[in-house]
There are 4 protein chains.
Amino acid sequence: MPRPRSQASRTAILAAAQALLSEKGFPALTIEGVAARAKAGKATIYRWWPDRASLAADALLSATFQPIPVPDTGSAREDFRRHMQLLSAAMRRDFGQQLLVALACTQENRDLTVAFRNSLWKSLRLALAPAIHRGAAARQIRPNVYAEVLFDLLYGPVILRFLTAPETLTPDYVDALCETVMTGILPA
Amino acid sequence: MPRPRSQASRTAILAAAQALLSEKGFPALTIEGVAARAKAGKATIYRWWPDRASLAADALLSATFQPIPVPDTGSAREDFRRHMQLLSAAMRRDFGQQLLVALACTQENRDLTVAFRNSLWKSLRLALAPAIHRGAAARQIRPNVYAEVLFDLLYGPVILRFLTAPETLTPDYVDALCETVMTGILPA
Amino acid sequence: MPRPRSQASRTAILAAAQALLSEKGFPALTIEGVAARAKAGKATIYRWWPDRASLAADALLSATFQPIPVPDTGSAREDFRRHMQLLSAAMRRDFGQQLLVALACTQENRDLTVAFRNSLWKSLRLALAPAIHRGAAARQIRPNVYAEVLFDLLYGPVILRFLTAPETLTPDYVDALCETVMTGILPA
Amino acid sequence: MPRPRSQASRTAILAAAQALLSEKGFPALTIEGVAARAKAGKATIYRWWPDRASLAADALLSATFQPIPVPDTGSAREDFRRHMQLLSAAMRRDFGQQLLVALACTQENRDLTVAFRNSLWKSLRLALAPAIHRGAAARQIRPNVYAEVLFDLLYGPVILRFLTAPETLTPDYVDALCETVMTGILPA
DNA sequence: CAATAATCGAGACGGTACGTCACGTCTTCTT
DNA sequence: AAGAAGACGTGACGTACCGTCTCGATTATTG
């Protein structure tokens with residue numbers, strides 16, 4: 001019976017990877033750097049992770065994500081608005097950086113698309129789901145609105161602006177965005 | 001006073017970069033590869049581009065972008081729907097690949113955010129602007145809808161899905177998205 | 001703890017360096033050339049030799065130097081004369097080339113002065129020592145002549161001519177040189 | 001009718017070359033460095049000198065050499081001894097550095113052997129000639145001693161030691177050397 | 001006194017080699 | 001067996017110079 005995998009080593013490697021990611025970002029995450037910082041051998045890393053994208057994804061996902069709260073004010077409109085304001089604030093902090101790492105990972109290793117969909121994106125969508133259901137139940141949301149589409153309508157624009165023009169991701173923009181999502185663009 | 005910059009060299013370098021980008025993608029764009037393919041010296045590339053991200057951006061932007069048509073059917077609703085269907089189709093072809101290159105560039109060199117905003121994104125926004133203005137003039141769009149926000153509402157979700165779950169970017173999804181953008185999510 | 005140094009690699013690198021030195025001389029000894037010829041990585045060379053001068057010195061010294069014979073005729077005068085004739089002949093062959101390499105090495109890396117003094121020059125001096133001792137024991141050499149000085153008197157002029165006017169390093173010159181060393185320049 | 005060669009440029013280039021040689025030695029003498037320092041174009045240097053060795057030789061030889069004095073004490077023995085002491089002292093100063101440059105030049109460009117033989121070495125031999133002739137005339141030197149050989153016997157050992165073990169080039173060594181050259185090594 | 005033609009500065013160009021870094025694989029000893 | 005340490009071949013990095021080649025600006029004759 002072989003010696004089992006060393007949990008101490010695994011933990012140290014993931015911690016080192018997280019540290020490098022948050023300090024210098026994805027391009028600075030080298031296997032040699034992680035090995036040196038974690039006092040691990042390179043071969044140990046290669047034994048358990050196929051490439052640095054997988055390691056980064058693992059490090060990112062095993063970090064304790066600070067979930068973005070979804071308030072429950074009784075008004076779906078207000079719930080969404082406040083949540084999006086919190087999201088855009090988090091974007092300017094560490095959440096944006098983490099998002100960049102996630103996108104970089106999926107570009108280096110297409111297999112990770114599924115992993116992230118089943119973890120990061122799933123949890124984000126799940127977090128918003130209760131508010132959507134509350135709104136539907138309270139007849140504050142039209143019944144034929146898909147939750148998937150609604151999530152994309154809220155997160156898509158914010159992420160697009162973050163990627164292409166982060167300094168325009170202002171509270172006023174977020175308010176205008178939410179307002180337009182609520183009422184649509186057709187005349188009354 | 002010195003010999004002026006060689007346009008032949010510049011053209012060959014950009015062509016080589018474009019070829020490598022479309023053949024193997026951004027990670028395969030090495031300076032040495034471009035130099036070899038363009039029969040240029042590495043120093044010539046470094047003389048004119050600070051890093052490979054800038055070179056990639058230049059190659060991308062000097063390529064003839066195939067603009068996504070915006071039909072003029074008389075109905076803003078239908079104009080947007082058809083444009084988004086064309087966009088999602090282009091995403092599955094080369095436009096998605098180009099988008100990935102653009103995002104990769106801005107992650108490697110933050111200065112390029114501005115460059116892309118003033119070229120790629122500006123032209124995309126401008127392309128949609130006439131349809132928006134037509135809709136507003138024809139009172140098919142509520143007057144207090146910002147063009148910026150409307151663009152984000154259409155492009156943001158499509159790009160988000162392309163990045164995180166490209167196989168779900170179906171025509172049905174695009175129709176549902178446009179419908180929701182038009183009518184909003186509030187009950188009638 | 002790590003994998004020990006590969007002797008195969010070390011040998012191949014030194015052999016490649018020797019080959020380049022004897023084929024094209026010191027200026028043609030490039031690290032990349034050695035690496036290519038030895039099928040080794042550049043990093044492996046830099047790991048073990050600080051610069052190309054050290055590598056050249058190592059290659060030179062680990063080559064099997066053909067020692068210049070010192071005959072034993074019973075006459076110190078004749079021993080020296082014949083040895084110097086052999087030396088000047090060797091100079092015109094490969095020994096002169098090797099000497100140039102040695103001098104080039106010590107000019108590029110001053111640390112190598114000591115290395116060569118303790119190897120190449122030491123062995124040359126040692127080779128001559130027995131003949132000197134024989135001559136002294138047989139009272140064919142005045143007792144207050146230093147071996148160090150005698151060596152310099154024989155080798156210095158030959159090397160000087162080799163460096164500055166190699167085609168004048170003729171047998172007649174060597175004979176005249178030895179004769180003058182033996183009897184001095186003062187009148188009888 | 002054409003414009004003649006600019007002497008100002010020639011002078012500036014040689015001055016820059018001399019400065020670089022004495023500051024950092026032959027390996028630091030790059031064409032680009034000389035051009036920058038002399039505010040000259042690279043092509044101007046290549047137009048008038050075939051390679052850097054020729055430029056270095058020209059710079060060296062057009063510098064005002066400080067000749068090593070040859071005293072006239074009435075005793076050839078003493079004249080030689082004092083001259084050699086002055087020579088070994090100069091070796092430790094700039095003359096040694098200049099000698100190294102000269103040797104480096106002839107190794108890079110064999111054609112320069114003749115140039116140096118006709119300038120540097122000729123002037124050194126000529127400087128010693130009067131003392132030799134005085135000694136011969138005064139019957140302090142045996143008549144069948146060749147001036148060429150005598151020069152080599154004095155300079156060869158000193159240069160050999162300078163190249164291989166400069167710190168052993170002491171006044172005592174020089175005295176012992178001269179003594180042995182005078183009286184030879186045979187027993188009285 | 002222009003006209004003119006080689007010279008000059010500047011530096012762009014295609015190259016070669018530099019010395020460094022990280023890759024992913026491997027071999028060794030230690031735990 | 002698993003792990004640390006790190007040597008190995010490989011390949012790209014960004015830099016320094018090479019020697020050649022335009023450029024426009026600068027002169028010292030000569031028509």
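Computed over heavy atoms, backbone and side chain alike; hydrogens, waters and symmetry mates excluded. So that the names make sense, note that chain A is the first sequence line, chain B the second, and so on, each numbered from 1.
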Between [N] atom [atom2] and [X] atom [atom1], what is the distance in whole Å?
X	N	atom1	atom2	value
D:Arg37	F:dC17	CZ	P	14 Å
B:Glu108	F:dC13	CD	P	10 Å
D:Tyr46	E:dG11	OH	C1'	14 Å
B:Arg10	E:dG14	CZ	C1'	19 Å
B:Ile31	E:dC21	CD1	C1'	16 Å
A:Ile45	F:dG6	CD1	P	14 Å
A:Lys24	E:dC21	NZ	P	12 Å
C:Gln7	F:dA7	CD	P	14 Å

Legend entry - Presence of salt bridge, B:Glu32 and B:Arg52, under 4.0 angstrom: no
Nucleotide nearest [X] when distance is taken to its side chain, options [options]:
X	options	result
C:Pro2	E:dC13, F:dT20, F:dA5	F:dA5
B:Pro4	F:dC23, E:dG24, F:dC8	F:dC23
D:Arg47	E:dC23, E:dG19, E:dT7	E:dT7
B:Thr30	F:dA12, E:dA17, F:dT20	F:dA12
A:Glu32	E:dC23, E:dG9, F:dC18	E:dC23

Do [X] and [N] have a side chain to base donor-acceptor pair shorter than 3.5 Å?
X	N	value
C:Lys39	F:dG9	no
D:Lys42	E:dG11	no
D:Arg3	E:dT7	yes

Legend entry - Side-chain N or O of C:Thr44 closer than 4.0 Å to phosphate OP1/OP2 of F:dG9: yes
Specify the closest pair of heavy atoms between [X] and [Y], including all atoms of both residues, with the distance to one decimal.
X	Y	value
D:Ser62	D:Gln18	OG-NE2, 3.5 Å
B:Arg110	B:Gln107	NE-CA, 4.4 Å
B:Glu108	B:Ala53	CB-CB, 3.9 Å

Legend entry - Verdict with reasoning, D:Leu163 to C:Thr113, per side chain to side chain contact (heavy atoms under 4.5 Å, CB included): CA-CA 8 Å; D:Leu163 290 177; C:Thr113 310; over 6 Å; no
Inset, instruction - Return the 5'-most residue of the pair B:Ala35, A:Ala43 with respect to DNA chain E, ranking by each residue's nearest nucleotide. - result: B:Ala35
Legend entry - Residue whose nearest DNA chain E nucleotide is more 5′ - B:Trp48 or C:Arg52: B:Trp48
Inset, instruction - Map A:Ile13 and C:Ile13 onto DNA chain F by nearest heavy atom, then report which one ends up closer to the 5' terminus. - result: A:Ile13
Legend entry - Position toward the 5' end of DNA chain F (nearest nucleotide), D:Leu29 or C:Ser6: C:Ser6
Legend entry - Note, B:Leu14 side chain near B:Leu55 side chain (heavy atom, < 4.5 Å): yes
